[in-house]
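Take a look at the structure below.
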There are 2 protein chains.
Amino acid sequence: MNRRNTPTKEAVLSLLSSSKKALSQDAIERQLDIKINRATIYRVLNRFCEDDLVHRIVAEDGKQYFAICKKCEPSEKTKYHFHFRCLSCDTIECLKIPVQYSIPEGYEVQNANCVLTGTCNDCSL
Amino acid sequence: MNRRNTPTKEAVLSLLSSSKKALSQDAIERQLDIKINRATIYRVLNRFCEDDLVHRIVAEDGKQYFAICKKCEPSEKTKYHFHFRCLSCDTIECLKIPVQYSIPEGYEVQNANCVLTGTCNDCSL
DNA sequence: CGTATTATTGCAACATAATCGCAATAAAAT
DNA sequence: ATTTTATTGCGATTATGTTGCAATAATACG
C-alpha cells in the first residue's frame, strides 16, 4: 500500500500547512481552489492521520477537525496538547499547553482529545 | 417553562444514577425496560443538561455520552475532570482527575471536554 | 372533582457528518 | 508502452441528532 503523489493530496496538505487553525472537511472543501469530492477529502485526511502527518481533533460539535502542528514534536512528555474552540469565530486552534494527567493503575492511554471551549483572544476584545 | 415529572424522565434519570458509566442515547434506549422514543430520550437528556443534573461528554467517535457524577461538585478548582473511553469494552467513565491548564491571556473558557482513550483497568488484565 | 393550560411525548421528516462499494482514472513500476 | 494498483468521483448508505406537529398527560386552578 505505497502512497502516491496526487494534486488532491498536495492541495489539501498545502492548505493545512498554511492554515493556523484546524479545519473540518467542509472548511477544506470551501477553501480549496480546485473542486474535490467530499469522500476523497475524508480519505486523504484519514491517510494523513495514519501517516502521522496530521492530527485529528473531535470537537464538542461532534465534528472532526484536522491540523498540522509543527510545534508539537511527539516527545514523550508533551505528547498531547489542548485545543481551543472559539464559539464566536467558530475555529479550533492548537494551544501550546500540554495535557497533564495521572492515570490510575491499570489504565493504558493511547490517545487524548482535549478541547477547551469559549471565546478566543481575538474575539474577546 | 416549569418541568413536569414523567415516567420517562424518571426512568432515564434512574438509569443514569445507577450506571457507573456515561451512556449514549442508544445505550440508554437499549438498557431501559420501557420503550421510549429516540427523540424523547434526547430531549430528556438535553433538559437534564440544561438543569445541570447531568453532564455531556463528546467522545472521539463524535457521539454524545451522558453521566451523572455525584463526586464532581462544581467547586471552582475541580470544575472539569477527565473522562476515559475504553476501546475494548466501549464505555466512558468519569475519572477523578481534574483538568488543569493555564490558558493564554485574553481567552475565556466556558467548558472543557477532555477524553483519554485506551484500555481500562478491567480490560487490561 | 372538573376544566384549562401547557409541558411532554411519539412519529415522521429532516439535516449533517462520515463511510463504503464500484467503476473509472492515473501514478508508479517494469 | 504496458501493467499494476493506489486514488478518485459518484451515488448510496449509515448514524447521530434535531425539529415540526398533532396527540397526550402532568399540573394548576376554579
Side-chain angles (χ1 to χ4, degrees), chain A residues 1-16 22-51 53-67 85 87 90-92 111 113 115 117, chain B residues 1-16 22-51 53-67 85 87 90-92 111 113 115 117:
Chain A
M1 191 53 116
N2 290 323
R3 295 280 131 92
R4 292 177 181 178
N5 284 325
T6 65
T8 294
K9 178 179 167 177
E10 281 168 29
V12 174
L13 199 59
S14 136
L15 176 59
L16 282 175
L23 300 176
S24 60
Q25 174 276 321
D26 58 295
I28 291 172
E29 185 169 343
R30 262 184 282 112
Q31 291 181 36
L32 280 176
D33 308 322
I34 54 177
K35 171 70 184 160
I36 304 181
N37 184 268
R38 198 180 59 236
T40 302
I41 294 177
Y42 277 115
R43 280 187 283 225
V44 166
L45 289 168
N46 286 333
R47 265 178 262 146
F48 286 162
C49 287
E50 280 174 40
D51 300 346
L53 285 173
V54 162
H55 69 278
R56 183 196 321 259
I57 309 122
V58 178
E60 279 186 320
D61 58 3
K63 282 174 63 176
Q64 303 182 353
Y65 292 79
F66 301 87
R85 173 164 177 243
L87 296 173
D90 194 29
T91 63
I92 290 190
N111 195 17
N113 189 75
V115 184
T117 306
Chain B
M1 195 50 119
N2 290 324
R3 296 279 131 93
R4 292 178 182 176
N5 284 324
T6 66
T8 293
K9 178 180 165 177
E10 280 168 29
V12 175
L13 199 58
S14 134
L15 177 60
L16 282 175
L23 301 176
S24 60
Q25 173 276 323
D26 58 296
I28 292 172
E29 187 170 340
R30 262 184 281 114
Q31 291 182 34
L32 280 176
D33 308 322
I34 54 177
K35 170 70 183 163
I36 304 181
N37 184 269
R38 194 164 44 114
T40 302
I41 295 178
Y42 276 116
R43 280 186 283 224
V44 166
L45 290 169
N46 285 334
R47 267 177 258 145
F48 286 162
C49 287
E50 281 175 39
D51 300 345
L53 285 173
V54 161
H55 70 277
R56 184 197 319 261
I57 309 122
V58 178
E60 277 186 322
D61 59 4
K63 283 174 64 175
Q64 303 181 354
Y65 292 79
F66 301 87
R85 174 165 177 244
L87 295 174
D90 195 29
T91 63
I92 291 190
N111 196 17
N113 190 78
V115 183
T117 306

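Proteins come first, then strands; the chains are lettered A, B, ... in the order of their sequence lines, and each starts at number 1. Everything numeric in this text was worked out from a predicted model, so none of it was measured.
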Can you check whether any acceptor in the base of D:dG9 is under 3.5 Å from a donor in the side chain of A:Arg43, or vice versa? yes
Whether the A:Asn46 and A:Arg56 side chains hold a donor-acceptor pair (N or O, under 3.5 Å, no angle test) is what I'd like checked. yes
Let me confirm one number: the NZ-OG1 distance from A:Lys35 to A:Thr8, rounded to the nearest 0.5 Å. 11.5 Å
How close or far is atom P of D:dT16 from atom CD of B:Gln64, stated in whole angstroms? 11 Å
Proximal nucleotide (of C:dT19, C:dG10, C:dT8) relative to the B:Arg47 side chain: C:dT8
Can you see if the side chain of A:Thr6 gets near the phosphate of C:dA26 - specifically, an N or O under 4.0 Å from OP1 or OP2? no
5'-most contact on DNA chain D: A:Lys35 or B:Asn5, nearest heavy atom basis? A:Lys35
Rounded to the nearest 0.5 Å, what's the gap from CD on B:Gln25 to NZ on B:Lys63? Could you check? 8.5 Å
From CZ (B:Phe48) to CG (B:Leu13), nearest 0.5 Å: 4.5 Å
Whole-Å gap separating C1' (D:dT8) and CZ (A:Arg3): 14 Å
Specify the separation, in whole Å, of atom CG of B:Asp61 and atom P of C:dA17. 16 Å
Taken to the nearest whole Å, CD/A:Glu10 to C1'/D:dT8 is 15 Å
Dump the pairs, protein N or O against N or O of nucleotides 2-5 of chain D, anything under 3.5 Å, distances to one decimal.
| unit_1 | atom_1 | unit_2 | atom_2 | d |
| --- | --- | --- | --- | --- |
| D:dT5 | O2 | A:Arg4 | NH1 | 3.0 |
| D:dT5 | O2 | A:Arg4 | NH2 | 3.0 |

Heavy-atom nearest nucleotide on DNA chain D taken for A:Asn2 and for A:Ile36; more 5' hit belongs to A:Asn2
Between C:dT19 and A:Tyr42, is there an OP1 or OP2 to side-chain N/O distance shorter than 4.0 Å? no
May I ask you to decide if A:Thr117's main-chain N or O and B:Asn111's side chain share a donor-acceptor pair within less than 3.5 Å? no
Separation between CG of A:Leu53 and CZ of A:Arg3, rounded to the nearest 0.5 Å: 9.0 Å
Do B:Arg38 side-chain and D:dG17 base share a donor-acceptor contact under 3.5 Å? yes
D:dG17 P sits how many Å from B:Gln25 CD, rounded? 7 Å
I need the A:Ile57 CD1 to B:Glu60 CD distance, nearest 0.5 Å. 11.0 Å
Assign A:Asn46 to base, sugar-phosphate, or nothing according to its heavy-atom contacts below 4.0 angstrom with the strands shown. sugar-phosphate
Under 4.0 Å between any heavy atoms, over every strand shown, what does B:Thr8 touch: base, sugar-phosphate, or nothing? Just pick one. sugar-phosphate
What I'd like to find out is whether the side chain of A:Arg85 reaches to under 4.5 Å of the side chain of A:Leu87, using heavy atoms alone. yes
What's the spacing between B:Ile36 CD1 and B:Thr6 OG1 if we round to 0.5 Å? 8.0 Å
Go through C:dA27, D:dA26, D:dT16 for me and flag the one nearest to the B:Lys63 side chain. D:dT16
The side chain of B:Thr40 lies closest to which of these nucleotides: C:dA27, D:dT19, C:dT9? C:dT9
Please report the distance, rounded to the nearest Å, between CD1 in A:Ile41 and P in C:dT19. 13 Å
Any side-chain heavy-atom pair of A:Val12 and A:Leu45 under 4.5 Å: yes
Rounding to the nearest 10°, end axes of the helix from C:dC1-D:dG30 to C:dT30-D:dA1 built from five pairs each make an angle of 30°
Using whole Å, report how far CG of A:Asn37 lies from P of C:dA23. 17 Å
Value in whole Å for how far the C1' atom of D:dT16 lies from CZ of B:Arg56: 13 Å
